[in-house]
Visitor: 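Sharing a structure here in structure tokens format.
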Amino acid sequence: MDDVLPNHSPYIPRIMKRVTVLIGEPMQFTDTLREFRIARKSAMETRKHITDMIQERFKELKSETRLLHSKWR
């Protein structure tokens with residue numbers, strides 16, 4: 001990301017840099033919510049579990065994106 005937007009002043013985007021954006025499939029949490037309600041898990045436990053699922057998917061998307069980006073260099 002530093003190639004596109006530097007981390008130091010002046011924060012001026014650099015032009016003509018390649019950016020790869022990957023948008024994954026929508027995530028469904030219906031089954032997870034149902035399971036946690038049946039198990040009578042707290043709202044905090046439920047939020048934590050869903051947050052962990054989202055973070056794991058972000059990690060997967062990051063590696064997929066890096067692979068795609070490297071193919072186009």
Side-chain angles (χ1 to χ4, degrees):
M1 193 65 188
D2 289 336
D3 292 342
V4 178
L5 184 64
N7 274 330
H8 50 80
S9 187
Y11 302 105
I12 300 171
R14 297 184 182 129
I15 60 171
M16 303 304 290
K17 296 291 181 173
R18 187 175 302 270
V19 176
T20 303
V21 177
L22 182 64
I23 300 172
E25 294 294 319
M27 295 179 71
Q28 298 295 322
F29 300 105
T30 309
D31 294 337
T32 303
L33 288 172
R34 186 178 305 118
E35 290 173 21
F36 274 63
R37 285 186 184 128
I38 290 170
R40 297 187 185 270
K41 300 285 185 177
S42 70
M44 186 184 313
E45 289 175 303
T46 304
R47 284 192 304 270
K48 170 74 171 113
H49 184 74
I50 289 173
T51 300
D52 291 344
M53 291 172 64
I54 293 169
Q55 286 179 336
E56 185 60 36
R57 184 61 185 134
F58 279 163
K59 288 178 188 176
E60 293 169 5
L61 285 171
K62 181 179 180 179
S63 62
E64 290 175 36
T65 304
R66 285 189 173 181
L67 182 64
L68 284 172
H69 187 80
S70 67
K71 285 183 179 181
W72 293 102
R73 281 190 161 184

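The analysis underlying the following values was restricted to heavy atoms, covering all of them including side chains, and did not include hydrogens, waters or symmetry mates.
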Visitor: Is I54 close to F29 at the side-chain level, that is, under 4.5 Å between some pair of heavy atoms?
Guide: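 The answer is yes, as the side chains (C-beta and beyond) meet within the 4.5 Å cut-off.
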Visitor: If you measure from NZ on K62 to CG on L67, what distance do you get to the nearest 0.5 Å?
Guide: 14.0 Å
Visitor: How many angstroms lie between atom CG of L61 and atom CD of E56, to the nearest 0.5 angstrom?
Guide: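 Atom-to-atom, L61:CG and E56:CD are 10.5 Å apart.
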Visitor: If you look at every heavy atom in T20 and T65, which pair is closest and at what distance?
Guide: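 Minimum heavy-atom separation between T20 and T65: O-CG2, 3.6 Å.
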Visitor: Thinking salt bridges, do E64 and R57 make one under a 4.0 Å N-O criterion?
Guide: yes
Visitor: Side chains of residues 32-44: which donor-acceptor pairs under 3.5 Å do they make with residues two or more places apart or in other chains?
Guide:
from	atom 1	to	atom 2	distance (Å)
R34	NH1	D31	OD1	3.0
S42	OG	E45	N	3.1
S42	OG	E45	OE1	3.3

Visitor: Got a sec: does the CZ of R66 have more than 12 other heavy atoms crowding it under 6.0 Å?
Guide: no
Visitor: Which heavy atom of M27 sits nearest a heavy atom of M53, and at what distance?
Guide: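 That would be CE-O, 3.8 Å.
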